[in-house]
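Chain letters run A, B, ... following the sequence lines, proteins first and then strands; every chain starts at 1. This one's a predicted model, so the numbers in the text were calculated from it and none came from an experiment.
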Amino acid sequence: MNHSISEAERLSLQTVDAVDLSLEVAGIGSRGYAFLVDWHIRLVAALLWLLPGLWLMSKGSASGAERAGLVFVPAALIFFLYHPLLEVLMRGRTPGKRHAGLRILTVEGHTPGTGALLIRNLFRLLDSMPGVYALGLLAMVLTRRRVRIGDLAAGTVVVYEVQRESSALEAVAATGRVPTRTALLVRELLQRWPGLQAPVRRALALRLLAQALGESEGRRAADEDDAALKARLQDVLTRG
Amino acid sequence: MAEAASEQALQRWLQARAAQWRSLEELLTQARRELDPASAERLVRQYRDLARDLSLARRLLPGTALSRHLEALYREAHELIHRAPAAPLRRLAQLYREEIPAVTRSLRTPLLVVALIFLLCALAGAALVHRYPELASLFASDDMINGVQRGELWTDRLLNVVPSSLLSLGIMSNNIVVAISAFVLGSFYGLGTLYIVSLNGLMLGATLAFTARYGLAGELLRFIVAHGLVELSVIGIASAAGIRLGEALARPGQRPRAEAFRLAVADSSRLLAVCVPALVFCGLVEGFVSPDASYGLLTRVTIGVGGLVLLVAVMSGRAWRRRDA
């Protein structure tokens with residue numbers, strides 16, 4: 001079947017050393033997911049203060065309204081200041097964004113400064129109207145870079161974080177008789193092994209084994225089962 | 001044969017460079033905590049070499065995990081090296097000494113506009129309630145109305161219900177939200193801000209006219225003067241900033257609208273660094289001083305006018321200027 005996959009919007013930059021970098025802009029789903037994770041974290045954090053506080057209040061001498069101030073106010077502060085505080089402290093990340101593999105950058109690709117992060121949080125007042133970030137979501141749908149009004153105001157974008165893949169170095173170190181490209185493909189196949197369907201990964205494994213070890217070896221491997229094929233692929237990486 | 005040779009060359013290059021890449025990765029992880037000068041220099045050198053390696057990897061092994069890994073390392077190193085140095089105190093000093101006075105100067109027209117609209121709405125509100133006293137029920141609760149008709153201002157009994165600290169906290173957070181809204185709602189081409197300004201004006205004028213009917217206007221003013229001068233001014237400042245946002249959207253000049261908007265936000269949001277502390281001050285005054293009958297009129301006026309003078313001094317930058325400058 002032929003699917004047309006729309007090109008994810010990318011943020012293209014050129015660094016000072018004239019290296020071209022291209023970062024993938026985060027989609028609405030990812031951003032929403034990150035927000036939900038953060039929402040749960042801050043709710044729990046606020047409750048962790050609120051509930052024990054209320055319990056302690058009912059035990060001790062209730063100076064009523066004043067104790068309410070000591071319990072409700074910090075809980076509210078935790079809940080509402082979570083985003084601005086963490087975004088500034090973690091330089092454009094939050095636990096939720098971390099989990100979703102996202103981070104905030106300026107449109108030039110730099111880490112946002114404190115001012116920009118505070119501004120984008122101020123405008124949450126607007127983006128969260130009316131109720132469930134409807135305006136913000138609308139803005140994200142309509143803009144090319146999937147930004148909400150707060151991002152437009154602060155000049156920020158949310159992109160997918162580029163992760164290190166240190167095991168690639170190990171795969172490369174293991175090459176000897178096996179061509180480098182093949183070794184890297186084998187590593188990738190092994191990484192994705194659980195997520196692929198059995199016939200697909202079998203076919204890929206056989207092709208790569210033929211590439212790595214030669215046609216005759218490849219034909220012999222055709223009789224083996226999945227687990228054995230996987231073991232052979234791992235062998236290729238460790239012994240070359 | 002040529003293919004095997006180039007594959008050999010590739011492998012030799014990879015083996016040679018792999019140690020460097022591992023070392024750079026370690027340095028980057030170490031840099032998250034602290035880095036001594038020697039290691040920092042090594043990191044910079046390796047970063048420069050990495051740029052070359054990245055180019056090569058992209059050419060020879062495109063789309064593989066290796067070039068992705070090198071790109072990730074390069075990005076991390078680039079961000080670490082080119083990050084702006086954190087000098088928070090100096091930034092703050094610059095903010096208050098230079099940037100805020102500059103923005104204040106540029107906001108002269110919006111400030112006048114906001115003041116004018118507020119005044120007009122206050123007069124309108126006063127005139128309306130003066131002519132149709134029953135309109136008071138639109139903005140005042142029955143308790144307040146009955147109280148005023150009896151000759152009691154609703155502010156008399158405040159401290160009996162809520163302690164000053166909570167009162168202050170509630171008031172200042174409410175005001176801060178109003179100020180931020182006045183600023184942020186300017187994004188609707190200024191209409192949101194105008195709404196807030198005119199509404200507040202109407203309510204103030206109406207309330208004054210209503211209390212004046214029963215001879216309580218003087219007492220209301222006495223209650224307001226300590227905190228109200230600064231509070232109204234600050235809401236006015238935030239509103240002027242909001243108007244500026246709306247103007248940037250409506251008349252972006254030669255820039256694209258989004259860019260004009262962004263620059264206006266970056267500029268005028270600085271004023272919130274004055275507005276928010278000022279509102280904290282007003283909240284404290286409104287919670288501790290204004291409802292407390294033991295504070296005389298002179299004290300209240302001093303606090304109110306003094307606060308206003310301080311506000312103007314900070315906004316204009318005159319608070320920091322030495323006499324000989």
Side-chain angles (χ1 to χ4, degrees), chain A residues 15-23 63-66 68-69 73 76-77 91 105 107 109-111 113-116 118-119 122-127 129 135 143 147 149-150 152-155 161-173 175-176 179-181 183-185 187-188 191, chain B residues 3-4 7 10-11 14-15 18 21-22 25 28 47-48 51 54-55 58 60-61 64-76 78-79 82-84 86 88 91 95 161-163 165-166 169-170 173 177 180-181 183-185 187-188 192 245 258-259 261-262 264-266 269-270 272:
Chain A
T15 68
V16 184
D17 324 282
V19 173
D20 285 318
L21 292 177
S22 165
L23 296 165
S63 150
E66 207 136 31
V73 169
L77 283 176
R91 292 189 209 273
L105 289 179
V107 288
H110 304 143
T111 311
T114 310
L118 289 177
I119 287 176
L122 271 182
F123 278 79
R124 277 184 200 275
L125 209 89
L126 198 57
D127 283 311
M129 287 163 68
L135 269 185
T143 52
V147 285
I149 305 179
L152 283 171
E161 182 104 69
V162 186
Q163 303 287 358
R164 289 189 206 169
E165 290 179 70
S166 321
S167 54
L169 281 182
E170 279 135 42
V172 148
T175 60
T180 313
R181 282 184 201 80
L184 287 170
L185 282 172
R187 173 194 163 274
E188 190 118 8
Q191 268 199 335
Chain B
E3 212 180 283
E7 171 63 33
L10 176 62
Q11 289 194 4
L14 286 171
Q15 309 296 355
W21 297 333
R22 269 196 209 94
E25 200 175 332
L28 285 174
Y47 159 77
R48 292 212 189 102
L54 180 60
S55 279
R58 277 172 169 173
L60 300 172
L61 297 167
T64 60
L66 184 69
S67 47
R68 284 199 302 267
H69 175 66
L70 292 181
E71 185 167 325
L73 284 184
Y74 179 80
R75 262 206 56 75
E76 258 189 75
H78 175 81
E79 183 186 323
H82 290 277
R83 195 160 67 199
R91 270 297 284 133
L95 177 68
V161 187
V162 194
S165 49
L166 260 190
L169 220 47
S173 40
V177 170
I180 294 179
S181 305
F183 171 57
V184 161
L185 288 178
S187 311
F188 290 131
L245 286 192
E259 196 183 316
F261 179 62
R262 191 163 28 104
V265 170
S269 63
R270 295 195 162 94
L272 291 174

What part of [X] gets closer than 4.5 Å to chain A, counting heavy atoms only: side chain, backbone, both or neither?
X        : result
B/Ser181 : both
B/Leu272 : side chain
B/Arg58  : side chain
B/Glu259 : neither
B/Leu95  : neither
B/Leu66  : both
B/Glu25  : both

So what's closer than 4.5 Å to chain B heavy atoms on [X]: side chain, backbone, both or neither?
X        : result
A/Gln163 : backbone
A/Leu105 : side chain
A/Thr143 : neither
A/Ser167 : neither

Residues which pass side chain to side chain donor-acceptor pair (under 3.5 Å) with B/Ser173, listed by chain and number, not counting sequence neighbours: none
Which value, rounded to the nearest 0.5 Å, describes the distance between [X] atom [atom1] and [Y] atom [atom2]?
X        : Y        : atom1 : atom2 : answer
A/Leu122 : B/Phe183 : CG    : CZ    : 7.0 Å
A/Asp20  : B/Leu54  : CG    : CG    : 10.0 Å
B/His69  : A/Leu184 : NE2   : CG    : 11.5 Å
A/Arg181 : B/Leu60  : CZ    : CG    : 7.0 Å

B/Arg68 and A/Val162, any side-chain heavy atoms less than 4.5 Å apart: no
Contact summary for A/Ile119 and B/Ser269, nearest pair of heavy atoms: CD1-OG, 3.4 Å
Can you see which heavy atom on A/Glu165 is nearest to which on B/Ala65, and at what distance? OE1-CB, 3.6 Å
Under the criterion side chain to side chain contact (heavy atoms under 4.5 Å, CB included), I'd like the reasoning laid out for B/Arg75 against A/Leu23: C-alpha separation, chi angles, the key distance, then a yes or no. CA-CA 10 Å; B/Arg75 262 206 56 75; A/Leu23 296 165; 3.6 Å; yes
Could you have a look at B/Glu71, B/Arg48, B/Glu76 and say which one has the most heavy-atom pairs with chain A under 4.5 angstrom? B/Glu76
Let's test your reading of the structure: which of [options] forms the most heavy-atom pairs below 4.5 Å with chain B?
options                               : value
A/Glu161, A/Arg91, A/Glu188           : A/Arg91
A/Leu185, A/Leu152, A/Thr15, A/Leu125 : A/Thr15
A/Ala18, A/Ser166, A/Gly115           : A/Ser166
A/Thr111, A/Thr114, A/Ile149          : A/Thr111

For B/Arg22, is the CZ atom crowded, meaning more than 12 foreign heavy atoms sit under 6.0 Å from it? yes
Side chain to side chain contact (heavy atoms under 4.5 Å, CB included) between B/Leu73 and A/Arg164, intermediate numbers included: CA-CA 7 Å; B/Leu73 284 184; A/Arg164 289 189 206 169; 4.0 Å; yes
Just to verify, what does A/Ala116 make a side chain to side chain contact (heavy atoms under 4.5 Å, CB included) with, not counting sequence neighbours? A/Pro112, A/Ala154, A/Thr156
